[in-house]
Colleague: 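Please see the structure below; I have some questions.
Below, chains carry the letters A, B, ... as their sequence lines are ordered, and counting in each starts from 1.
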Amino acid sequence: MREMQTTYDPKQFEDRIYADWQENGCFRAEIDEGKVPFSLMMPPPNVTGQLHMGHAMDETMQDVITRFKRMQGYSVLWLPGTDHASIATEVKIVNQLKEEGLTKEELGREGFLERAWAWKNKYAGRICDQLKKLGSSCDWSRLAFTMDERCSKAVREAFFRLYDKGLIYRGSRIINWCPDCKTALSDAEVEYSEDAGFFWHFKYPVDGTDEFITIATTRPETMLGDTAVAVHPGDARYSSLVGKTLTLPLVGRKIPLVEDEYVDPEFGTGAVKITPAHDPNDFEVGLRHDLPVIRVMNDDGTMNELAGEYAGLDRYEARKRIVSEMEKLGLLVKVEPHAHNVGHCYRCHSTVEPIVSKQWFVKMAPLAKPAIDAVMKNKTKFVPDRFAKIYYNWLENIRDWCISRQLWWGHRIPVWYCGDCGEVICSRETPSVCPKCGSAHLTQDEDVLDTWFSSALWPFSTLGWPDKTPEFEYFYPTDVLVTGYDIIPFWVMRMMFSGIEQTGKVPFHDVLIHGLVRDEQGRKMSKSLGNGIDPLEVIDKYGADSLRLSLLTGVAPGNDTRFTEAKVEAARNFINKVWNAARFVLMNVKDEEVPPLSEVRLQPADRWIISRLMATVREVTVSLQKYDLGIAADKLSDFVWNDFCDWYIELSKPALYGDDAEKRKGALSVLLYVLDNALRLLHPFIPFVTEEIYSYLPGEHGRIISAEFPRYVGKLAYKKEAKAFEGVIGLIKTVRAMKVAVNCPPSRKVHIYLVTDCKRLVSLNRQSILRLAGASAVEIAESGAAAGNKAVSQVCDLGQVFIPLGELVDLEEEKKRLEKELERVTGEIARANGKLANQGFISKAPKKLVDDERAKLEKFLDMKEKIEAQLKELEA
RNA sequence: GGGGGCAUAGCUCAGCUGGUUAGAGCGCACGCUUCACAUGCGUGAGGUCACAGGUUCGAGUCCUGUUGUCCCCACCA
């Protein structure tokens, strides 16, 4: 038999074991009609960089679920993949080019895409390597990428269908424009932050009078595009001027003064400049009053030719000049500091400009409704369910989705324009001639789709949809989606309505939402703060198992968690404990033939640990089914460390080292049985070390990854026996505490006198009691008198313990201890009495609770009596 | 303005559908070279479960309000 190394060293085996799993197809999902399918899709990490701690947690949770279900006998598909991350990747590559002194225009579309694919290949590979380091047991044979052939086909199909139904349209509307990325953004891609700015008050002259109207703006440069000034209807201050014309300063354009409900008369001057081309609200006002839309800014944030003499200037430079020009003209009334929310590009953080622009949109109202209903009707459930509210909140207030992006890296919009007749052609296949006029002068739309358009199809595009592939039929809809609450609006929601619309089914039944991994001080981990911790470095230092466990313990679904090295250390210590417990068992087994559990005569302690094991099997299974991974890990660690290591292993030593061969075999059998089960329970959480230890277990067996998850066996529950045995544990704890209380050194063995009804239990466990309690003898006595007239005593569940007072015993300490105990017991009696005196409790509470309370009261009354007697004894 | 989270031991957090004496890890105190493990073992100290009401026989748990704190959305130009 091979021997385990004395120290737990994950570096010795983690990579080796992963390679072995992979080579032997342990992750492969088979279409097996004899099994129940279980599937989940990995949220595809962006190919922009590497995995961070948030990914590590997300992947670990998925892997735990995957391994658990696989061991339970499901045919599990965990499908891995990466996302092309259109805008984010393009930004990275543009930056890379910049460093080389290049622009994407110089490179051209094709050249740029070549670079992009090279980038993708490099980073997707790196991400996969990281996933492997973590132990992710996903099916690599089905690795997907949002821009691979399968997914691209699905994108075209989905676009075509939506277009065909009239749910995709092209129109000029106000969108969020990033002047640095030079693309449109969806509403969800804009981040708002409170920035310090100014409020400039300008006077616009009213034609035919000497009067002025004062407006206030935070973006003076947009005044060049003003096509009206609006006031609230019936605002007395301006009623005489309504219908009059104003002259827009600097430009000289004649613009009307209109009335519109949108204006808040309480705010500012009650008069608002209206710039339909550069503000979403103004755009709406413009529509109502049929105002011209004059766009004065270029795509790169400079002013355009309609800005007159300001053309070509950067937006901020133009702002400066306009303000100073207005001041020169005496039209600047005042400047106030003004903090306001400014939108920023979620990728490059530049200030976005609301700009009117011709873009493609998805009509959301008809899609949102069924997506809301599906969750209402529980076809898809959020865990925890409070996130359903956030989901509803989004969908109920949703606006049409801008899906076109002025980028190159992504799915090109499958629309062609005929150069001759102007026909717009949307098609699954690339058309060669115009279906209307037969012209071959077709040009494809230059834009690409929002990255999330393809991500939205992920649960089925990866399975070959729209084709009815066997895997689509077998694995779709998926069972669970695991992701963070921060991308509910970006992704979860869009998968929901896309899945329902395209396949007629919800894409997943459960959505397990987790929180963010924060740093030690509770701050978000971010590049700008430099407080991010690289999961790989942690793995390098502590091993993947420790990292995984640390990311799961003490974490509740949906809640943020803090990452601390101390947690990783705690996890490492636990794994080390497991390692050593296994080593202990195996070093005792050596090459001995150990009988199976069924052939062994079980001792009380054996039944107790098996009972505890069964309770743990049940708790862990239930918790995992409810996705309470943190609780499952907690229960397991409690069982392994406290019950198995601290108690059972110690309890087994007398049998192991004694000369009763049958007892020794029995103990070995139980140790192996419990170890084997514990390893299998632990495997989803700490896959590497459990696989490694498993390989040392005697007998013929395969890998633990393919082993069966332990099942609850009713006849091994031994509830009564286990409860009785708790008395022995209580006795040992009592004796230990008594010794400490009277300053008796642990090494000094004491003679115990025990008044008890459980004589058989005591005699069966005599050796364990002696060993664990540090006693020289356990003597069953009729009364405390046997211990002599001066003895310390304590009541426990098994009876009353007496230890004769030796010279080492501190009498005062003992009195103090007894008095404290008396106080506690008196308190308990008062509490129980109070409860039992309550008629309501007696009549309405379940009978069992009332009985329990009575029993408790009796026990405490008995204890009180004995403590008082003991105190009297010591006084004497 | 709308929505949501959190508030439990010195620290980080668990506590499911209300029911034993409210738990864990870390930290702290005291004591241990006990032949798997000092990444360890034993014993202990430490909590009016934010505050005020309410429902109930019974509330950390349910309801209402208050305070503090964090997040998301909307946005007054």
Colleague: Please determine whether a side-chain nitrogen of the Lys or Arg among A:Lys273 and A:Asp226 lies less than 4.0 Å from a carboxylate oxygen of the Asp or Glu.
Modeller: yes
Colleague: Distance check needed: B:rA14 P versus A:Lys626 NZ, whole Å only.
Modeller: 16 Å
Colleague: Using the C1' atoms only, state how far B:rC26 lies from B:rG18, rounded to an integer number of Å.
Modeller: 31 Å
Colleague: In whole angstrom, what separates A:Asn393's CG from B:rC71's C1'?
Modeller: 13 Å
Colleague: Who does B:rG40 pair with, Watson-Crick or G-U, both distances under 3.5 Å?
Modeller: B:rC32
Colleague: Is the number of heavy atoms from other residues, nucleotides or ligands under 6.0 Å of A:Glu823 CD greater than 12?
Modeller: no
Colleague: Between A:Lys577 and B:rC41, does any side-chain N or O lie under 4.0 Å from OP1 or OP2?
Modeller: yes
Colleague: Measuring centre to centre across the rings, with the benzene-like ring taken for any Trp, is A:His201 within less than 6.0 Å of A:Phe199?
Modeller: yes
Colleague: Can you check whether any acceptor in the base of B:rU39 is under 3.5 Å from a donor in the side chain of A:Arg572, or vice versa?
Modeller: yes
Colleague: More 5' along RNA chain B: A:Thr218 or A:Ser843, using each one's nearest nucleotide?
Modeller: A:Ser843
Colleague: For A:Ile732 and B:rU43, give me the distance from atom CD1 to atom P, rounded to whole Å.
Modeller: 10 Å
Colleague: Using OP1 and OP2 only, check whether a side-chain N or O of A:Lys856 sits under 4.0 Å from B:rU21.
Modeller: yes
Colleague: Using both distances under 3.5 Å as the test, list the Watson-Crick or G-U wobble partner of B:rG68, or none.
Modeller: B:rC6
Colleague: Could A:Asp519 and A:Arg562 be called an ion pair, given the rule that one side-chain N must be under 4.0 Å from one carboxylate O?
Modeller: no
Colleague: May I ask you to say whether A:Lys567 pairs ionically with A:Glu565, meaning some side-chain N is under 4.0 Å from a carboxylate O?
Modeller: no
Colleague: Using only side-chain N and O atoms of A:Arg771, determine if any of them is under 4.0 Å from OP1 or OP2 of B:rU34.
Modeller: no
Colleague: Using both distances under 3.5 Å as the test, list the Watson-Crick or G-U wobble partner of B:rG46, or none.
Modeller: none
Colleague: Can a side chain N or O of A:Trp647 be found less than 4.0 Å away from OP1 or OP2 on B:rC41?
Modeller: no
Colleague: Find the partner of B:rC57: check Watson-Crick (N1-N3 plus N6-O4 or O6-N4) and G-U wobble (N1-O2, O6-N3) distances, both under 3.5 Å, and reply none if neither fits.
Modeller: B:rG19
Colleague: Can you tell me which nucleotide in B:rC37, B:rG44, B:rU39 comes closest to the side chain of A:Asn573?
Modeller: B:rU39
Colleague: If the P atom of B:rC63 is compared with that of B:rC75, how far apart are they to the nearest Å?
Modeller: 32 Å
Colleague: Whether the side chain of A:Asn576 and the base of B:rC37 hold a donor-acceptor pair under 3.5 Å is what I'd like checked.
Modeller: no
Colleague: Please give the nucleotide sitting opposite B:rU12 as a Watson-Crick or G-U wobble pair, both distances under 3.5 Å, or none.
Modeller: B:rA24
Colleague: In the structure shown, which nucleotide is the Watson-Crick or G-U wobble counterpart of B:rG1, with both distances under 3.5 Å?
Modeller: B:rC73
Colleague: Using atom C1' in both nucleotides, what's the gap between B:rU66 and B:rG23 to the nearest angstrom?
Modeller: 29 Å
Colleague: If you find the nucleotide of RNA chain B closest to A:Ile631 and the one closest to A:Ile390, which residue's nucleotide is nearer the 5' end?
Modeller: A:Ile390
